[in-house]
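Note that the structure is a prediction, hence the values are computed from the model and not measured.
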Amino acid sequence: MRIAFVCTDPGVPVFGRKGCSIHVQEVVRALRRRGAEVELLATRFDADPPTDLGDLPVHRLPNAGKGELAAREQQSVMANDALRDLLRRHGPWDAIYERYSLWSFAGMEHAAEAGIPGLLEVNAPLIEEQAEHRGLCDRAGAVRVAQRAFAAATALLAVSHEVASYLNGFPLDLRNVHVIPNGVDPARFPAGLRPSRPAAPGVFTVGFVGTLKPWHGVGVLLEALGRLRSEDTAYRGLIVGDGPQRAALDERADRDGLLRGAVEFTGAVSAEQVPGLLASMDVAVAPYPDLRRFYFSPLKIYEYMAAGRPVVASRIGQLETVIEDGVNGLLCDPGDAAALCVPIERLRRSRELRSKLGQAGRACVLRAHTWETVARQILALAASPAPVTVRTTQGDE
């Protein structure tokens, strides 16, 4: 099966280090492992491809670049002509798989015109995100583009039930919506991997992996670490990742006498470094605040579990279905540092519980949350001449 993988989002560097970048790379890898011939059409690359994707055919799409917001939006709409032309020149295709972008509709419409499956992966309510966090001039135009893309697609792949609910709020007959959460490649996290940041004997490491943005709750984690260290200075923090909050969080830890010298910020790291860093953690945390809309399918959760780390996560959104409290992880109230301390302290006291939860978490991802599972579902949809029902992997095998 020959698949055009399309990503026109200028915020997604397809060969970069961001979570969205890893998502694109892993889906491409999994599709290729299952025999698909994939070609990548993207707006932003940022780097050379990883070694194992060095032979991946790539096609560069125009990027609106910098400048006045309204002009960039118009240029992004006009870029649909270039996408349509590339698809026509390099076809024929057996299917088009696209990561939904704010101004892109040509991929799904080309699939409809060619009579082939058009699969649209939707990771977030992008219109609301753009308006709230980055600015949006032509909201009505963005809605029209979304409606065109959604209506032309033969299947919409939502990464969470919350995103599926968002899609079903559009005034369209969107009956072919499938919930396919993110996954992980467990082979990246072999048993017995040596820590790359080992702690001193007796020190208990509480870790986080992800982009340092407000909605990831790292500030809550620092507050919890301060509380824990006020009782016992054997706790340390290992914060893996970079982002707009990095400087402020680093400064906060340095100002706090309880945290100074006890929290390491690694900055941006490659995907190859993450397994060793996770192996350096005694517990891995996803301390999300109490967000009004939590629609994420966090890659970090699946990586934590694949690495066999006991997980502490906020009781919110998809996390409540992936993490079964006391079985394959522990849950706590979102945005509450005192509540976050309780499961961390519990895990520190019990090596047996840490081992039990870590093993159960890895078993969970092996059963239901690998990229192979995701690729299998994608290809089942691409091979179906008519809408099919695909089981979600929210805890299913």
*asked:* Between Phe204 and Val209, is there shared hydrophobic-cluster membership here, with clusters defined by ILVMFWY side-chain heavy atoms closer than 4.5 Å?
replied: yes
_Donor-acceptor contact present, side-chain Asn182 to main-chain Ser297, <3.5 Å_ = yes
*Using modelled atom types only, decide if a donor and an acceptor are shared between the side chain of Ser314 and the backbone of Tyr288 within a distance under 3.5 Å.*
yes
*Let me know which of Val274, Val240, Ile239 forms a side chain to side chain contact (heavy atoms under 4.5 Å, CB included) with Thr266.*
Val240
*Hey, does Ile96 have a side-chain heavy atom less than 4.5 Å from the side chain of Met108?*
yes
_Looking at Ser21 and Pro13, would you say the former's side chain and the latter's main chain have a donor-acceptor pair under 3.5 Å?_
yes
*Is the shortest heavy-atom distance from the side chain of Tyr100 to the side chain of Leu156 under 4.5 Å?*
no
*asked:* Measuring centre to centre across the rings, with the benzene-like ring taken for any Trp, is Tyr166 within less than 6.0 Å of Tyr295?
replied: no
*Assess whether side-chain hydrogen bond (donor to acceptor under 3.5 Å, both in side chains) is satisfied between Ser355 and Gln359, documenting all intermediate values.*
CA-CA 6 Å; Ser355 177; Gln359 291 176 26; 3.0 Å; yes
*Do other residues, nucleotides or ligands put more than 12 heavy atoms under 6.0 Å from Glu372 CD?*
yes
*Asp254 (side chain) donor-acceptor with Asp250 (main chain) under 3.5 angstrom*: no
*asked:* Is the shortest side-chain heavy-atom distance between Glu129 and Arg134 below 4.5 Å?
replied: yes
_Carboxylate-amine/guanidinium proximity below 4.0 Å for Asp55 and Arg32_ = yes
*Take atom CZ of Arg351 as the centre, draw a 6.0 Å sphere, and report whether it contains more than 12 heavy atoms from other residues, nucleotides or ligands.*
no
*With a 4.5 Å heavy-atom cut-off, do Arg197 and Thr205 have their side chains touching?*
no
*Can you name the nearest heavy-atom pair linking Leu340 to Val312, along with the distance?*
CD1-CG1, 3.6 Å
*asked:* For the backbone of Ala380 and the side chain of Ser384, can you confirm whether one donor and one acceptor N or O come within less than 3.5 Å of each other?
replied: yes
*Glu68 CD: over 12 foreign heavy atoms closer than 6.0 Å*: yes
*Ser280 and Arg236: which non-hydrogen atoms are nearest, and at how many Å?*
O-NH2, 3.8 Å
*asked:* Looking at every heavy atom in both Ser104 and Val145, which two are closest together, and how far apart are they?
replied: N-CG1, 3.7 Å
*Compare all side-chain heavy atoms of Arg354 with those of Val283 and state whether any distance is below 4.5 angstrom.*
no
*For the side chain of Arg194 and the backbone of Gly276, is there at least one donor-acceptor N/O pair under 3.5 Å apart?*
no
_Which residues pass the side chain to side chain contact (heavy atoms under 4.5 Å, CB included) test with Ala82, not counting sequence neighbours?_
Pro62
*Basic-acidic side-chain contact under 4.0 Å: Arg309, Glu303*: no
_Can you tell me how far apart CG (Leu319) and CZ (Phe294) are? Round to the nearest 0.5 Å._
4.0 Å
_Heavy-atom check, side chain of Arg346 versus side chain of Leu330, under 4.5 Å_ = yes
*asked:* Does anything in residues 85-98 form a salt bridge (charged side-chain N to carboxylate O under 4.0 Å, His left out)? List the pairs, not counting sequence neighbours.
replied: Asp85-Arg89, Arg88-Glu113
*Should the pair Asp232-Arg348 be classified as a salt bridge under the 4.0 Å nitrogen-to-oxygen rule?*
yes
